[in-house]
Amino acid sequence: MVARTLGPEMFGVFSLVIWYARFARGLINSGVAIGATRFVAQCRARNEIGQARAVVAKLAKVQWLKILAVVLIFGAVLAFRPETLPDPVLTHVSSVVLWAMLVAIAARTNYMFKVAVAKGDNDFRSVSIIAIIGAPLNLILVAFGALTQQGVNYFIATFVASGLVFFIASTWRTWNLTYGPRDAQIAPETSSALSKHLRYLTWSGMIGFLVSAGVEVAFLAYYATPQEVGFFRLAMQTAAAVTLLIPGIFGGILLPLVAQAAANSTKDAAEQFAKSTCYSWILVAPLLVYVAVYAVPVIELVYGSEFGTAGWVLGFTILGAGLRNVGPAAQAFLLSINVQRLLLVATVVGVVLKLTLAWLLVKRWGLSGAIASYLTLEIGFVVFKISLAIHFGGVSPPWSRMFRTLVATVPGLLLGLIWFATGLPNWTAIIFGCLSMTAYVLTTLWCGTWTREDISYMNQLSERIPLAGSWMQRLFHTARTA
């Protein structure tokens with residue numbers, strides 16, 4: 001709705017301002033949010049709730065200091081050097097709204113920290129409730145702006161307001177752990193591990209965020225048009241939203257799972273990494289193939305034909321966003337075995353490559369250069385993390401199952417190519433997309449993608465489904481297991 005209302009140019013300005021807020025949030029939450037999930041999960045595994053509260057209190061203090069520092073820096077830029085911002089932002093965005101973004105930065109970073117605390121506590125019910133409270137209100141405000149044809153300042157103000165709502169909801173749902181009685185001190189071994197985590201992960205997280213935050217946007221702001229910024233950000237946001245639906249949710253629970261497994265032994269954590277990487281790939285593989293095929297018609301259908309360029313950008317960026325969701329298990333495993341120093345060095349090297357590559361490619365080829373820069377480093381980092389996890393864990397993901405999963409996407413791909421060749425209207429891409437996904441699910445049953453335990457579990461779930469349970473069980477009986 002925002003893109004349709006503002007059009008390519010103003011949506012580019014809006015996206016740039018939101019990217020600044022996301023960039024600030026990444027700097028602040030680096031190391032802190034992951035630390036909350038990891039250490040709260042480990043304390044919970046040992047049933048040490050008092051110590052979990054002490055850990056959260058220490059991490060919260062670190063986060064508020066970082067919030068203060070970043071807000072002061074951004075505030076100083078607005079107060080004394082506003083001319084350093086790109087001209088489209090200075091021309092179209094009110095200074096009052098830009099100052100209000102500092103409030104959004106503080107509110108949203110703290111909200112994300114508290115969501116990380118809830119994940120570490122395995123309180124995914126609270127994570128869902130926070131989203132249920134904030135998302136509808138945000139949708140209502142955006143819908144009102146679209147119906148009344150509001151400008152870019154209104155939608156940025158909506159971003160600020162929804163951030164405050166998420167902050168209040170997350171504070172309410174995590175009150176027990178964040179503000180409950182602190183009747184225990186942090187154990188010496190936990191304190192040492194936490195200090196090491198903050199020392200390395202804060203810096204590696206801040207530096208690494210430059211790799212994953214789409215830093216190409218900053219270069220596009222100076223070397224390309226606002227429309228190209230809008231196309232790139234729309235493609236990135238759509239890719240992130242698509243991968244968040246299922247693979248992202250699964251990835252979000254991997255750190256507490258691996259952290260709890262690491263509390264038992266490194267071998268358990270390594271096995272959890274290998275298994276989780278395979279399941280992440282099963283969820284991601286169809287998205288990489290089918291989104292690339294149907295991206296342009298779906299983008300034109302949802303956002304309008306003027307955003308058609310964002311469709312082919314999405315066809316490429318979905319590859320990076322999808323593969324990023326295959327890597328969380330490796331990342332979680334590496335964090336659980338305390339190899340932060342190695343990760344920091346690798347991250348620094350990656351950022352130098354990222355900034356250099358983004359600058360050279362975007363300056364030379366604009367939007368196409370941004371896509372090439374994004375994909376090169378995104379794929380490189382995923383391969384590096386998985387390779388590192390295999391090296392330290394001594395356990396590899398089941399490559400044969402993952403290859404058979406890729407083979408299972410072929411029937412759906414053929415359907416997509418048939419749609420493309422026949423030149424059908426854009427709206428039919430949704431029907432063909434659903435058919436492609438159905439073909440993928442069925443083919444995975446006959447390609448040996450699932451294990452015997454997986455099929456047994458699916459059979460148990462199907463018993464709870466009225467009417468459809470019997471034919472689903474017959475279908476599962478035809479499955480070829482790995």
Side-chain angles (χ1 to χ4, degrees), residues 3-4 7-8 11 227-228 230-247 280-326 365-376 378-379 401-450 475 478-480:
R4 272 188 174 272
F11 182 73
Q227 289 95 326
E228 288 180 308
F231 293 147
F232 188 77
R233 282 296 296 151
L234 181 61
M236 292 280 287
Q237 289 170 1
T238 306
V242 170
T243 55
L244 184 64
L245 288 175
I246 296 178
S280 295
W281 175 247
I282 292 172
L283 297 173
V284 164
L287 300 181
L288 303 185
V289 178
Y290 304 147
V291 172
V293 174
Y294 299 112
V296 173
V298 171
I299 287 290
E300 290 183 350
L301 188 66
V302 174
Y303 298 104
S305 58
E306 64 269 28
F307 283 96
T309 302
W312 69 262
V313 178
L314 173 60
F316 289 99
T317 56
I318 189 65
L319 178 61
L323 289 178
R324 185 191 304 169
N325 280 280
V326 180
W365 288 292
L367 184 58
S368 299
I371 296 170
S373 169
Y374 171 73
L375 285 180
T376 301
E378 203 68 56
I379 295 172
R401 282 181 63 194
M402 294 174 71
F403 175 75
R404 290 194 295 271
T405 299
L406 190 60
V407 171
T409 65
V410 172
L413 175 61
L414 293 176
L415 283 171
L417 295 177
I418 290 171
W419 175 87
F420 186 79
T422 53
L424 293 170
N426 285 345
W427 64 266
T428 59
I430 297 176
I431 298 174
F432 271 79
C434 293
L435 291 174
S436 293
M437 287 300 297
T438 302
Y440 169 74
V441 172
L442 293 175
T443 310
T444 59
L445 294 174
W446 304 319
C447 278
T449 296
W450 306 101
L475 181 64
T478 67
R480 176 176 174 265

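When reading the values below, keep in mind they use all heavy atoms of this one structure, side chains included, and skip hydrogens, waters and symmetry mates.
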Checklist outcome for this item: Applied to residues 424-445, the side chain to side chain donor-acceptor pair (under 3.5 Å) test, sequence neighbours excluded, yields Y294-S436, E300-N426, W419-T428, T444-W450
Checklist entry - What is the minimum heavy-atom distance between V302 and R4, and which atoms define it? => result O-NE, 2.5 Å
Checklist outcome for this item: In V326, V289, T405, the residue satisfying side chain to side chain contact (heavy atoms under 4.5 Å, CB included) with V284 is V326
Checklist entry - Nearest heavy-atom pair of M437 and P286: which atoms, and what distance? => result SD-CB, 3.7 Å
Next on the checklist: So, using side-chain contact (heavy atoms from CB on, under 4.5 Å) as the criterion, who are the partners of L406 when residues are at least two apart?
Outcome noted: W281, T409
Checklist entry - What pairs with T478 under side chain to side chain donor-acceptor pair (under 3.5 Å), at least two apart in sequence or on another chain? => result W446
Checklist entry - What is the distance from atom CD1 of I379 to atom CG of L319, rounded to the nearest 0.5 Å? => result 4.5 Å
Next on the checklist: Just verifying a value: how many Å separate E378 CD and S373 OG, rounded to the nearest 0.5 Å?
Outcome noted: 10.0 Å
Item to check | Rounded distance (nearest 0.5 Å) linking atom CD1 of I430 with atom CG of L435 | outcome: 12.0 Å
Item to check | Verdict with supporting geometry, F307 and F11, side chain to side chain contact (heavy atoms under 4.5 Å, CB included) | outcome: CA-CA 10 Å; F307 283 96; F11 182 73; 4.3 Å; yes
Checklist entry - Roughly how far apart are L288 CG and L413 CG, rounded to 0.5 Å? => result 12.0 Å
Checklist entry - Which residue pairs satisfy the side chain to side chain donor-acceptor pair (under 3.5 Å) criterion with at least one member in residues 303-319, sequence neighbours excluded? => result none
Report, one line per pair, each donor and acceptor closer than 3.5 Å where one atom sits in a side chain of residues 235-242; sequence neighbours left out.
residue : atom : partner : partner atom : Å
T238    : OG1  : L234    : O            : 2.7

Checklist entry - Hey, mind stepping through R480 and R404 against side chain to side chain contact (heavy atoms under 4.5 Å, CB included) and telling me if it holds? => result CA-CA 11 Å; R480 176 176 174 265; R404 290 194 295 271; 4.0 Å; yes
Checklist entry - Does the side chain of T449 reach to within under 4.5 Å of the side chain of M402, using non-hydrogen atoms? => result no
Next on the checklist: Using 0.5 Å steps for rounding, measure from the CD1 atom of I431 to the CG atom of L415.
Outcome noted: 12.5 Å
Checklist outcome for this item: Rounding to 0.5 Å, atoms CG (L442) and SG (C447) come to a distance of 11.0 Å
